[in-house]
Amino acid sequence: TNIIAQQTQLNSLYFYNKQGLNPAEVGYSQATELSLSYRQQWASYAGAPSTGWVMGNTRIGENMGIGGVLIYDEVAFLKTIYAKINYSYQVNLSQDAKLAFGVGAGIINSSVSFNGILADDYSDHILANPSAAGTMFDAQFGALFTMNKVLNIGFSLPQMLQPRINVADAAIATTYDLQSHLNIYANYKIETDSDVSFTLMIMLSISKASAPFDILGTFEFNDKVLL
């Protein structure tokens, strides 16, 4: 039996974690950045999704950037840890336009814990094993076009290698395949006469299971404070 479901993290924190969305974003700000984020959905429900991110990146020379990402994601009995290194290279198309390409590579560790699962038949042989886990190597590719530092258009391909975890069981062979996704997004920064600016972001994430569409916005004060 084949079951298809959403696999990458859904969140509304893309403005603060763009490196996690697209490796081509590494080094874009021309400054050293470090971010720590946490999000929990439906907190009053047992097994509700929760995700934590630790990310850092810096500029190298005039055209390159490097960064690292560590993500912990937990949904019910499924836990996943992502550890990845990102690299980007920027090309100046004109005085106001730039094109950046990025690649990321790292490991994904996924584990399933059957302890505490509510089931109709606890004699099921699958529940006899307390847990199952596996580690995979994976890669990501992305590109980013920028114009006048106000318009950004990017795309990325997470889980590009579509790795597989084989879960061994005495009576049944189970595989957990990670499917490649396509993220497409654009954001536009609107400047005002005061110290306030507004950035609108539109994003579409496409996979075999779903294609969620997000519209996000943020206010910035003095190029320092985001809301």
With no hydrogens and no angle check, just 3.5 Å: does a side-chain donor-acceptor pair link Thr80 and Asp73?
no

Looking at every heavy atom in both Gly106 and Phe137, which two are closest together, and how far apart are they?
O-CD1, 3.3 Å

Close side-chain approach of Tyr89 and Val91, heavy atoms under 4.5 Å
yes

Just wondering, more than 12 heavy atoms not from Phe213 lying within 6.0 Å of its CZ?
yes

Exam field: side chain Arg59 to backbone Ala31, donor-acceptor pair closer than 3.5 Å:
no

Donor-acceptor side-chain pairing of Asp138 and Gln159 below 3.5 angstrom:
no

Do Met64 and Tyr87 have side-chain heavy atoms sitting under 4.5 Å apart?
yes

Here the gap from Lys18 atom NZ to Ser156 atom OG, rounded to the nearest 0.5 Å, amounts to 12.5 Å

Please say yes or no: joined through hydrophobic side-chain contacts below 4.5 Å, possibly via intermediate residues, are Leu21 and Leu36 part of one cluster?
no

Rounded to the nearest 0.5 Å, how far apart are OG of Ser205 and CG of Asp214?
8.5 Å

Between the NZ atom in Lys189 and the OG atom in Ser197, the distance rounded to the nearest 0.5 Å is 4.0 Å

Do Ile215 and Leu204 sit in the same hydrophobic cluster, where Ile, Leu, Val, Met, Phe, Trp and Tyr count as joined when their side-chain heavy atoms come under 4.5 Å apart?
yes

Just wondering, do Thr199 and Tyr188 contact through their side chains at under 4.5 Å, heavy atoms?
no

Taking C-beta and beyond as the side chain, do Leu200 and Asn187 meet within less than 4.5 Å on heavy atoms?
no

Listed partners of Ser88 passing side-chain hydrogen bond (donor to acceptor under 3.5 Å, both in side chains), at least two apart:
none

Residue pairs passing the side chain to side chain donor-acceptor pair (under 3.5 Å) test where at least one lies in residues 144-155, sequence neighbours excluded
Tyr28-Asn152

All heavy atoms of Met136 vs all of Ser110, minimum pair found to be CE-OG, 4.3 Å

Under the rule for side chain to side chain contact (heavy atoms under 4.5 Å, CB included), what residues qualify as partners of Ser35, not counting sequence neighbours?
Asn17, Met55

In one Ile/Leu/Val/Met/Phe/Trp/Tyr side-chain cluster, 4.5 Å: Met203, Ile71:
yes

Taking all atoms of both residues into account, what is the closest heavy-atom pair of Val26 and Ile66, and its distance?
CG1-N, 3.1 Å

May I ask whether Leu144 and Leu216 are part of the same hydrophobic cluster, defined by side-chain heavy atoms of I, L, V, M, F, W, Y residues being less than 4.5 angstrom apart, directly or through others?
yes

Do Phe141 and Pro23 have side chains that approach each other closer than 4.5 Å (heavy atoms only, starting at C-beta)?
no

Is it the case that the side chains of Asn22 and Tyr185 hold a donor-acceptor pair, with the cut-off being a distance below 3.5 Å and no angle test?
yes

Shortest non-hydrogen contact from Asn86 toward Gly104:
OD1-CA, 3.2 Å

Flag side-chain contact, heavy atom, 4.5 Å: Gln19 against Glu33:
no

Any residue meeting side chain to side chain contact (heavy atoms under 4.5 Å, CB included) with Tyr72, in chain and number order, not counting sequence neighbours
Glu74, Lys79, Ile81

Can you check side chain to side chain contact (heavy atoms under 4.5 Å, CB included) on Asn63 and Asn92, steps first, answer last?
CA-CA 9 Å; Asn63 303 97; Asn92 294 324; 4.3 Å; yes

Show the nearest heavy-atom pair for residues Tyr38 and Gly52, with the distance to one decimal.
CD1-CA, 4.2 Å

Heavy-atom closest pair (Gln90 atom, Gly27 atom, distance to 0.1 Å) is NE2-O, 3.9 Å

Nearest 0.5 Å please: distance from the CD1 atom of Ile85 over to the CD1 atom of Ile107.
10.5 Å

Are Phe219 and Phe198 near enough that their ring centres are under 6.0 Å apart?
yes

Restricting to side chain to side chain contact (heavy atoms under 4.5 Å, CB included), what partner residues turn up for Leu182, sequence neighbours left out?
Phe155, Leu157, Ile184, Ile206

Going by the rule side chain to side chain contact (heavy atoms under 4.5 Å, CB included), which residues pair with Met147 if we only count those two or more places apart in sequence or in a different chain?
Asp96, Ala97, Phe145, Leu151

